[in-house]
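The structure appears below as structure tokens.
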Amino acid sequence: MKIFNRRVIAYAPGKCILLGEHAVVYGYPAIAVGISLYSQCRISKVDSNRIELNLIDFKKKFESNNIDNLISLLKKQFPQLARGLQIFSDLVDEQIKDISIGISSSLLSGSGLGSSASIAVAFASAFNEFYGLSLDKTKISDIAYEMEKMVHGTPSGIDNTTCTFGNIIYFKNKKFEMLRIPSDLKLLITYTGIHHRTSDAINKIRKLRENNLELIDRILSDIGFLVERAKNVIQNNELEKLGELMNINQGLLAALGVSNSVISVINQIALNNGAFGSKLTGAGLGGCVVSLGKDVLNIAKVLSDNGFQNFILDIENRGAWVEHE
Ligand code: PMV
């Protein structure tokens, strides 16, 4: 196969789940948005007869003159990237070599903003473009899902879908539809300062459910019910009502055991300062909190005064994209 591009850079947004995390793993719907923080993967042609992989945020460099060797080197520490390389070495006709790959992300890992899915989507988009494979976005998202499975077991698929397509999406059982982005929707994302592991939160709920099957299934189903409501509320551009549903969702997530005292403090500060709604986003047990309101600048300032790092973000409606250099 002919290499058409000497250098490509692919970008993929992070994601923020507005409602429905965890319940989405059990087949209920969830709503998520692409956010204006990105991961990028750059692939350049080099004449070194090698494959180089530079993980800029980790300050780590791997290289080999053989793709299978490189995959073995990555397997333990970066199984997601090893899987990605394996998939593309099967898809590309020629031997993968003479390339330098650079990966970086402005998304903090373990913060619930989809850093690993965003990296996987950028990686798959860059390989697709560099080797002229013409895969569509659905296929890119599927490959990112395969990569995600290496770190998250059985993810629902909402992260890779949102990081690929961006926008605001209603997601259920690996299918999704785009909703209309409400006007004036600004997301205030606040970091708890606590790094979380998605698998810890998922396992915690799984155990709780094993011991209290009917009760936990009711809570999961209530979350699904409120997501259906939220879908209409979003289509009608009713941000205050959306905030109310987020607060209820936060209460149900706390009942499932994935909230904590820092998340509660952030929720209270946001709500006391005019937020319509405030809840954890992603797996919980730390990570980030998402709040909505009319005057998010003021809420952000109060949160900063209380020592909480925060960002006001827009919805990224392009999803992943590629540029040539
Ligand atoms: O990994 P996080 O923090 O972005 O959370 C992912 C959302 C979950 O619903 C908890 C898991 C999933 O696969 O949907």
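Whatever order the structure lists them in is the order used to number ligands and atoms, beginning at 1. Residue numbers count from 1 along this sequence. Note that the coordinates shown come from a computational prediction; the quantities given were computed from them, not determined experimentally.
- Ion pairing between a basic and an acidic side chain is recognised when a charged N comes within 4.0 Å of a carboxylate O; Lys301 and Asp305 show such pairing.
- Ile103 has its side chain within reach of Phe123: a pair of non-hydrogen atoms, C-beta onward, lies under 4.5 Å apart.
- Listed by chain and residue number, the protein contacts of ligand 1 are Lys15, Ile17, Glu21, His22, Val24, Val25, Gly112, Pro155, Ser156, Ile158, Asp159, His196, Thr198, Ile202, Gly282, Ala283 (heavy atom within 4.0 angstrom).
- The residues Lys279 and Glu21 are annotated as salt-bridged, a charged nitrogen and a carboxylate oxygen being separated by less than 4.0 angstrom.
- Salt bridge status for Lys149 with Glu146: present, with a side-chain N to carboxylate O gap under 4.0 Å.
- Residues Leu19 and Leu252 share a single hydrophobic cluster, defined by chaining ILVMFWY side chains whose heavy atoms lie under 4.5 Å apart.
- Between Leu113 and Leu108, every side-chain heavy-atom pair lies at or beyond the 4.5 Å cut-off.
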